[in-house]
Amino acid sequence: MSPSPPDPAPEPLPGDDHAARQRLPARTRSYWHLRGLLTGLVATAAATGLFGFLITGPPAWLRWTVIGLVAAWTLLGQAMIAPPIRYRVTWFALSERELEIQHGWLVVSRTVVPMNRVQYLQVERGPLARRFRLANLHVHTAGGMVPLRGMDDPEAERIRGRISALAHLEDDL
Amino acid sequence: MSAPPDPPGRAPRDDLPFRRLHPAYLLISGGRALRSLLPVIAVGIWRIPGWTIGVVAGLVAVFAVAGWLTKRYAILHGVFHLQSGVLNRTVHTVPITRITAVDASRGIVQRLLRVWGVTLRTPAGGDTRSLHLACVTAAELARLRTALAPHHRAASAAPVAAGPEPGPAGPATVIARQLGAGATDDVGSASVAITAPEPLAVLDSRTLAVATVTGVSIPLIFAGLSAAWERARALLPRDTLRRLEQQLFGPDGATVLILVAIAVAAVVIGSLLTAQRMARFTLVRDGDVLRTSRGLFSQQTATITVARVHAVRLVEGWLRRRLGWCAVEVEISGAGTAPSGERTLFPLLRREQAAALVERALPELHWVPAPLTPVPRASRRRFLTVPVWIGVGVAALGWLVFGRPTDWWAVLVALPPVLGVLIGVAQARAAGWALDRETVVFRGHRVLARVTTVARLHRVQLTQRRQTWWQRRAGIASLRITLASRRTTGIRHLPLDEIRGLRLRVGRPAPR
């Protein structure tokens, strides 16, 4: 068996160039705060109704502990603590061959999506996001979906078009 | 709806024109409809007038005939078409290049009627039932396989004969024993010219016995029967129960005898189930596809397109690992949620034979087994964190639900954290990785089983570096890769430079 040629040096990842990293608009932080607050209020109200009035079997201290944990996780954790951390952590970098995304707050994930793996793209705007002129971009591959949440709306459309062109999705549309 | 005409100048021998399923579909479809109505019939048969049963039977017959008349399929110009639906007409159109596997199976009724059920899988997955042909003859199955074979799609110069289902009629032989070519079953006896490829491996009787003893069926059935007996004891009147126990097991030692009887029943049922799933398991490489067949009473065969195999997993259960056995599974696009039996390349073989079998079955993988790089010693204690905390949580929950532990309960409450420690230690010992020009290998430990995944380097869909706050402080991270089957694998608690080295190579587009 003849010796195989040495491996070429791998190309750097898109996010290795710090200048290529794109961040989210500042209003995304306010959007996450408000969305977390609304979600937390609904979740806390539901937990209070469930464990305060409907499920009365377990001891009162246990039921109110559960309600307190739900309120702490949603209103304190998701609405107050998470948004600034997520905003600081989140970035994305786009090259001709790959998309790299960093996101998360308790667990920070950095995901690489090769363009030739992109199956389809989805831009999602809820009513609250529309008020803030924001959109969520979902990049779908055969292996699953990678979210890029809280993007500036026109920027999300621009990135969607660019990925679509780089992934040659337009040919199939 | 009529079939589109063949374009001029193209040899129609590659195509299968529109056709209906075998008329046995009428019986099978009607039987299935009646089976689904059994609960209603069982409840209402004493209360409803006799003529309603006639009406129901008539409706079932009408729908079976209408379903048979409307369900038609074809392969035309490289595209599989399936029309179906009595009231809502549905047409499925799938390019055959997108079909990742062709599974054939037949239960006892289908065996009696000498027909097969065929399922075509695509990466989209999920909706596999919509590409299900309930009733085709053996000859038609061979024609379908020929038309869907990858080498046939690529070059349609000469008709390539499809291989038969490997060896269900052949004797059980030792693993990797080469059988003579030309073995045929009733597919082979069909009118299609068939040259049987040689099996790569056949599950022999001794290995089947090992699979039965080391599988999870017997313990699960034992637990289920024990729970059912306990439930019956709670529900039955005490006198009735005592009389029953004395009649069945005699006046003395009833508890021991009951446990023995439950154990014997578990062994018998478990053995039958395992034999039904795995008996006569045969693996064949036939050109660009892999074929497997298995089953004692009902037979199942699967055809896997080699190009769609993205990874191979070696699964070593807790007991099997101690005895030196493992199973080989494949990761196929879109088949991540399929039962593990449908992903099995070979259900049980000696650990030291696994690499050789993978090499013969999937030489395209280019897997060169090499020693794995373990997780650094300093990181190993971190594997304890998650299982121990889960164990503590389970113990706390048990304490809350069942109250303060007294006597022997105290031992049970302490058990989950101890199990957590043992699992964490096993996970730390098992964790390792290797990288070469074509493959990346990750070894990890689930709750009980050790799993080694060999993935094609350039077929990985997503690569994800994950880092918690504590990992960041320690300068380590975890790596998770996602395959086209939507299943994931990876390694935890590696130094950042090793993670970066992996990220620069795994899942990257091929160099320009």
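All chains are named by letter (A, B, ...) in the order of the sequence lines, taking the proteins before the strands, and each is independently numbered beginning at 1. Keep in mind that this is a model prediction, so the values were computed, not measured. What you see below is based on every heavy atom in this structure, not just the backbone, and it leaves out hydrogens, waters and symmetry mates.
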So which part of I101(A) gets closer than 4.5 Å to some heavy atom of chain B, the side chain, the backbone, both or neither? neither

So do the side chains of T468(B) and L106(A) get within less than 4.5 Å of each other, counting heavy atoms only? no

Counting only heavy atoms closer than 4.5 Å, note whether L462(B) contacts chain A via side chain, backbone, both or neither. both

Crowded around M145(A) CE? As in, over 12 foreign heavy atoms under 6.0 Å? yes

For atom CZ of R27(A), is the number of surrounding heavy atoms from other residues, nucleotides or ligands below 6.0 Å larger than 12? yes

Which atom of G143(A) lies closest to which atom of T482(B), heavy atoms considered: O-CG2, 3.0 Å

Please indicate whether R23(A) has more than 12 foreign heavy atoms, meaning atoms of other residues, nucleotides or ligands, lying under 6.0 Å from its CZ. yes

So which part of R480(B) gets closer than 4.5 Å to some heavy atom of chain A, the side chain, the backbone, both or neither? neither

If I take atom OG1 from residue T463(B) and atom CZ from residue R110(A), how far apart are they, to the nearest 0.5 angstrom? 13.0 Å

Taking C-beta and beyond as the side chain, do R459(B) and R117(A) meet within less than 4.5 Å on heavy atoms? yes

As an exercise, state the distance from CD of Q461(B) to CD of Q119(A), rounded to the nearest 0.5 Å. 7.0 Å

Given N116(A) and H458(B), is the side-chain contact (heavy atoms from CB on, under 4.5 Å) satisfied, shown in steps? CA-CA 11 Å; N116(A) 58 355; H458(B) 301 298; over 6 Å; no

For R503(B) and V112(A), what are the C-alpha separation, side-chain angles and deciding distance, and is it a side-chain contact (heavy atoms from CB on, under 4.5 Å)? CA-CA 8 Å; R503(B) 291 181 73 227; V112(A) 178; 3.5 Å; yes

Can you check whether L13(A) reaches R508(B) side chain to side chain, under 4.5 Å on heavy atoms? yes

